[in-house]
Amino acid sequence: MPGDIAVRLATAAGRSRIVLPATATFGDFQEEVKKRTGVEPLAQKFALDPKGQKTVGGALGTPLSQLGIVNGAQLHLVNQDAEIAPDTH
């Protein structure tokens with residue numbers, strides 16, 4: 001939909017595509033990642049690179065756009081125990 005943010009989430013277990021409204025916050029994103037991977041928000045570690053050197057994060061209420069997370073962005077969940085659940089949408 002127009003104005004949505006599609007984020008490609010990469011983990012050691014595979015990839016998933018997460019679509020959120022343009023107004024979504026980092027907390028909204030973390031909850032969706034929890035649904036997909038089972039990793040609790042407080043344990044989630046995101047990075048722009050697979051090795052986790054360019055970390056991404058912020059306060060729960062911070063809009064994704066303020067964190068540089070825009071439509072088409074790819075983020076890596078660098079937690080080793082993350083698994084991708086089947087997409088039910």
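The basis for the numbers below is simple: all heavy atoms, side chains too, and nothing from hydrogens, waters or symmetry mates.
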So how far is it from Q30 CD to T37 OG1, rounded to the nearest 0.5 Å? 10.5 Å

Hey, is the main chain of L20 close enough, under 3.5 Å, to the side chain of E32 for a donor-acceptor pair? no

Of all heavy-atom pairs linking G52 and A47, the shortest is CA-CB, 3.4 Å

Those residues that, when tested against E31, pass side chain to side chain donor-acceptor pair (under 3.5 Å) (two or more places apart): none

Suppose we screen for side chain to side chain donor-acceptor pair (under 3.5 Å). Which residues come up paired with K45, at least two apart in sequence or across chains? none

If you take all heavy atoms of L67 and G57, which pair is closest and at what distance? CD2-O, 3.3 Å

Please examine the side chains of V39 and V33, heavy atoms only from C-beta on, and report whether any two atoms are closer than 4.5 Å. no

Please round to the nearest 0.5 Å and tell me the distance separating atom CZ of R15 and atom CG of L9. 9.5 Å

Taking the side chain from D4 and the backbone from V19, do they hold a donor-acceptor pair closer than 3.5 Å? no

CG (D49) and CD (Q74) are apart, to the nearest 0.5 Å, by 10.5 Å

Under 3.5 Å: donor-acceptor pair, side chain of T25, backbone of L60: yes

Do I18 and L75 have side chains that get closer than 4.5 Å, going by heavy atoms? no

Set of residues satisfying ring pair (Phe, Tyr, Trp, His ring centres under 6.0 Å) with respect to F46, sequence neighbours excluded: F26, F29

